[in-house]
Enquirer: 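I am attaching a structure below and will ask some questions about it afterwards.
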Amino acid sequence: MRKNIFWLILTAVIVFVIFFNSSTSPLIAAFEEKVSLIEERMSDSKLVANFLSYLESNFKDRIVWDNGRLIIDFRVKKEADEKPSLKDSLGGEYVNPLPEVTSEKDMYVLIKNSLKNTASDVSFVVSPSFCGSNCSIDDVLGKTSEIAKLILSHHPELAYADKWSISASTYKSSSYKITITFNYFYPLDKVKEMKAETEAKAREIISKITSPKMTDLQKAKAIHDYIVKHTKYDYKNYISGTIPFESFTAYGLLIKGAGVCQGYTAAFNLLGQLAGLDSIGVSGTGIRNGKEVPHAWNMVRIDGKVRYIDVTWDDPVPDRGDKVMYTYFNLTEKQIEKDHKWNKEDFSEKYFDYK
C-alpha cells in the first residue's frame, strides 16, 4: 500500500518537474539523489517511509488526505489565493464555513446574526479557551443552549423560531464543532416576508416620528407613544387562551395592530434600534393584583443611563385610542423592581454591546 502511494507521489513530482521546471529547481535538487537511491532499493519500506516523512515535513501545507488518498497541490500560490483572517471574515469579505468561537460574546453574536438572517442553521468551532481546559462537550452543549435562549429573550424581534436542535463533534482533537438547527414557526420564505414587511413598516414609522436632532429620551418617548396610540393589547385572545403566534411578534403589533407583551417588547426593540437606541428585551414576571405572571418589557440605554420601559402596561385595556400613560416609562431599576422581577445577571447592561 505504501509503495503504491510512493509511486503515485513520485509520478506527480516527475510530471510537475517536466511541466514547471522553471520554478522547481529547489524541488529537483531535493529529489535527484533520493530517486536514484529508490530505484536501487524499492524493497526498503523504511526508505519509503522516510521519503513520505520528508514530503510531509516540507510540503505539509500542500498535502491533503482525502478518503484514504494522498493529494499534493504543487501549484504556485499567489497572494490572491490566500484566505483572509477570521477578523476579515467577520467583516463580510469572506465567509468562513467554520468560524471560531472563543468567548460567550463570539457565540452570542454569531447565533444572533444567524437568526437575524433567518438562517436554517449555523455551524462553528468552539475553541478550548471558550470554557476552560476541563470543559466537556456536555458543558459546551449546555452553554450553547443557554445563549440561544437568552438571545430570543433579549431580541424577541428575532423570535420567529422557538426551538432548536444542537449537534456536536470533536474537531481537531482539542475543539468542538457545533451545529444549531433552528425550528421556525412558519416556512422560511414566509418568515422572511413577514420580517421584510415589518422592517419596512418600522423604517417608515421612524422616518415620521424621529429626527437626528432628538435626544435618546425624546426618541424613546416618540416610539413609546406611537406604539400605545396605534396598537392594542390582544386582550380577547388572551382571555380565551387563543393567542396566535403573530401576537408575540413585532409583525403582529406593527402590521396587524395587536399583540401581547412579547410583541410590544419586540416592536420597541426594532423601532429603537432603527432610531439608534440600545434596547434589549427583559423576560421575567410582573406582579398584578398580588399575583406573578410571565411578562416582558424593555431595558434601554437612554443618554448613557440604563432605564426600563414597559409599553404594554402603559397601554390601557380596553384600548382608549390616543390615551397614553407614562407610569412605566423611563424608570430606574429601583423603580421598576417594585412590581417586576427578573434575573439581573441574564439581563445586564453588557448585552447592549453584544453586537
Side-chain angles (χ1 to χ4, degrees), residues 111-120 122 148-164 180-206 209 220 223-275 277-286 293-300 309-315 317 319 342 347 351:
I111 297 173
K112 185 184 79 171
N113 287 340
S114 298
L115 288 166
K116 185 176 181 179
N117 295 328
T118 323
S120 58
V122 58
K149 183 179 180 180
L150 204 56
I151 290 168
L152 293 176
S153 292
H154 290 169
H155 296 281
E157 72 278 11
L158 305 178
Y160 291 83
D162 68 329
K163 297 178 182 178
W164 56 87
I180 306 176
T181 302
F182 303 109
N183 179 35
Y184 290 89
F185 281 97
Y186 301 114
L188 288 183
D189 288 345
K190 182 174 181 179
V191 173
K192 291 177 181 178
E193 289 176 4
M194 292 171 69
K195 290 171 70 174
E197 186 178 358
T198 306
E199 183 167 340
K201 179 65 175 179
R203 289 185 182 279
E204 177 189 336
I205 294 168
I206 288 301
I209 67 173
I223 294 168
H224 169 277
D225 292 358
Y226 177 90
I227 293 174
V228 172
K229 291 179 180 179
H230 293 85
T231 68
K232 63 181 180 180
Y233 190 82
D234 194 359
Y235 188 71
K236 181 179 179 180
N237 282 315
Y238 173 76
I239 291 298
S240 61
T242 56
I243 303 173
F245 167 71
E246 291 174 351
S247 290
F248 292 93
T249 68
Y251 175 87
L253 209 72
L254 299 181
I255 303 300
K256 298 297 185 179
V260 292
C261 60
Q262 183 174 312
Y264 278 81
T265 304
F268 189 96
N269 256 12
L270 179 58
L271 293 169
Q273 289 160 15
L274 292 174
L277 297 176
D278 289 325
S279 175
I280 64 171
V282 180
S283 296
T285 58
V293 294
H295 192 45
W297 58 97
N298 295 88
M299 180 170 76
V300 190
I309 299 174
D310 188 342
V311 188
T312 310
W313 282 10
D314 272 350
D315 193 0
V317 178
D319 187 62
W342 69 100
F347 301 92
Y351 292 108

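Positions are given from 1, in the same order as the sequence printed here. Keep in mind that the numbers below use all heavy atoms, side chains included, and drop hydrogens, waters and symmetry copies.
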Enquirer: So, do Phe245 and Tyr186 have ring centers that fall under 6.0 Å from each other?
Expert: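 Yes, they do, as the ring centres are separated by less than 6.0 Å.
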Enquirer: Restricting to non-hydrogen atoms, name the atom on Asn269 and the atom on Pro156 that form the minimum distance, rounded to 0.1 Å.
Expert: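 Result for this residue pair: ND2-CD, 3.7 Å.
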Enquirer: Taking atom CG of Leu271 and atom CD1 of Ile209, what is their separation to the nearest 0.5 Å?
Expert: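 So the gap between those two atoms works out to 6.0 Å.
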Enquirer: Please indicate whether Tyr235 has more than 12 foreign heavy atoms, meaning atoms of other residues, nucleotides or ligands, lying under 6.0 Å from its OH.
Expert: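 Open.
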Enquirer: Counting distance only, does the side-chain N/O of His224 pair as donor-acceptor with the main-chain N or O of Ala220 below 3.5 Å?
Expert: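 Here the side-chain-to-backbone pair does not exist.
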Enquirer: Do Val191 and Phe185 pass the side-chain contact (heavy atoms from CB on, under 4.5 Å) test, and can you show the C-alpha distance, the side-chain angles, and the key distance before you say yes or no?
Expert: CA-CA 8 Å; Val191 173; Phe185 281 97; over 6 Å; no
Enquirer: When you measure from the side chain of Ser240 to the backbone of Lys236, do you find a donor-acceptor pair of N or O atoms at a distance under 3.5 Å?
Expert: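 Looks like yes, one N/O pair under 3.5 Å.
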Enquirer: Check the pair Val260, Thr312 against side-chain contact (heavy atoms from CB on, under 4.5 Å), reporting the backbone distance first and the verdict last.
Expert: CA-CA 7 Å; Val260 292; Thr312 310; over 6 Å; no
Enquirer: Are side-chain heavy atoms of Leu152 and Asp162 found at a separation under 4.5 Å?
Expert: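 When only atoms from C-beta onward are counted, Asp162 and Leu152 do not touch, as no gap falls below 4.5 Å.
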Enquirer: Is any side-chain heavy atom of Thr181 closer than 4.5 Å to one of Ser120?
Expert: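 Counting from C-beta outward, Ser120 and Thr181 never come under 4.5 Å.
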Enquirer: Within the 4.5 Å heavy-atom criterion, are Thr118 and Tyr160 side-chain neighbours or not?
Expert: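 Thr118 vs Tyr160: side chains apart.
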Enquirer: For residues Val122 and Phe182, determine if any side-chain heavy atom of one lies less than 4.5 Å from a side-chain heavy atom of the other.
Expert: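 Yes, side chains in contact.
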Enquirer: Kindly give the heavy-atom pair with the smallest separation between Gly263 and Leu253, and that separation in Å.
Expert: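 Distance-wise, the nearest heavy atoms are O-CD2, 3.8 Å.
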Enquirer: In sequence, state the C-alpha distance, the side-chain angles, and the governing distance for Lys112 and Lys116, and then conclude on side-chain contact (heavy atoms from CB on, under 4.5 Å).
Expert: CA-CA 6 Å; Lys112 185 184 79 171; Lys116 185 176 181 179; 5.6 Å; no
Enquirer: Quick one: CG on Leu254 to CG on Leu270, what's the gap to the nearest 0.5 Å?
Expert: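 Separation between the atoms: 6.5 Å.
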Enquirer: What closest approach, in Å, do Cys261 and Ala296 show between heavy atoms, and which atom pair accounts for it?
Expert: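 So the two residues come closest at SG-N, 3.6 Å.
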Enquirer: Among Leu277, Ile205, Leu274, which one satisfies side-chain contact (heavy atoms from CB on, under 4.5 Å) with Ile223?
Expert: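 Only one of Leu277, Ile205, Leu274 forms a side-chain contact (heavy atoms from CB on, under 4.5 Å) with Ile223, namely Leu277.
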Enquirer: Which atom names give the shortest non-hydrogen contact between Asp234 and Ala258, and what distance separates them?
Expert: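 Minimum heavy-atom separation between Asp234 and Ala258: CB-CB, 4.3 Å.
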Enquirer: Starting at CG of Leu150, measure out to CZ of Phe347 and round the result to the nearest 0.5 Å.
Expert: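 Rounded to the nearest 0.5 Å, the CG-CZ separation comes to 5.5 Å.
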Enquirer: Would you say that more than 12 heavy atoms from the other residues, nucleotides or ligands in this model lie under 6.0 Å from the NZ of Lys232, or not?
Expert: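 Open: at most 12 neighbouring heavy atoms sit under 6.0 Å from NZ of Lys232.
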Enquirer: Using modelled atom types only, decide if a donor and an acceptor are shared between the side chain of Thr231 and the backbone of Val228 within a distance under 3.5 Å.
Expert: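 Answer holds: no.
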Enquirer: Okay, side chain of Asp310, backbone of Trp297: is any donor-acceptor separation there less than 3.5 Å?
Expert: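 No; zero donor-acceptor contacts below 3.5 Å.
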Enquirer: Does the side chain of Tyr238 come within less than 4.5 Å of Val317's, by heavy atoms?
Expert: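 No, side chains not in contact.
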Enquirer: Working to the nearest 0.5 angstrom, can you tell me the gap between Asn298 CG and Asp278 CG?
Expert: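 So the CG of Asn298 and the CG of Asp278 are separated by 12.5 Å.
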Enquirer: Is there a side-chain contact between Thr285 and Val293, using heavy atoms and a 4.5 Å cut-off?
Expert: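 No, their side chains stay 4.5 Å or more apart.
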Enquirer: Are side-chain heavy atoms of Asn183 and Trp164 found at a separation under 4.5 Å?
Expert: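 The answer is no, as the side chains (C-beta and beyond) never meet within the 4.5 Å cut-off.
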Enquirer: Hey, what do you get for CD1 (Ile206) to CD (Gln273), rounding to the nearest 0.5 Å?
Expert: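 Atom-to-atom, Ile206:CD1 and Gln273:CD are 10.5 Å apart.
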Enquirer: For salt bridge (Lys or Arg N to Asp or Glu O under 4.0 Å), just list the numbers for Lys195 and Glu199, CA-CA rounded to whole Å, side-chain angles, deciding distance to a tenth of an Å, and then say yes or no.
Expert: CA-CA 6 Å; Lys195 290 171 70 174; Glu199 183 167 340; over 6 Å; no
Enquirer: What is the minimum heavy-atom distance between Thr265 and Gly281, and which atoms define it?
Expert: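 That closest heavy-atom pairing would be CG2-CA, 3.6 Å.
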Enquirer: Checking Tyr264 side chain against Tyr233 main chain: does a donor-acceptor pair fall under 3.5 Å?
Expert: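 Checked: pair present.
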Enquirer: Counting the benzene-type ring for Trp, do Trp342 and His295 have ring centres under 6.0 Å apart?
Expert: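 No; His295 has its ring centre 6.0 Å or more from that of Trp342.
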Enquirer: Enter the distance from Glu193:CD to Lys190:NZ here, rounded to the nearest 0.5 Å.
Expert: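 Reported value, rounded in 0.5 Å steps: 9.0 Å.
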Enquirer: Locate the shortest heavy-atom distance separating Ala161 from Tyr184; write the atom from each residue and the value.
Expert: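 That would be CB-CD2, 3.8 Å.
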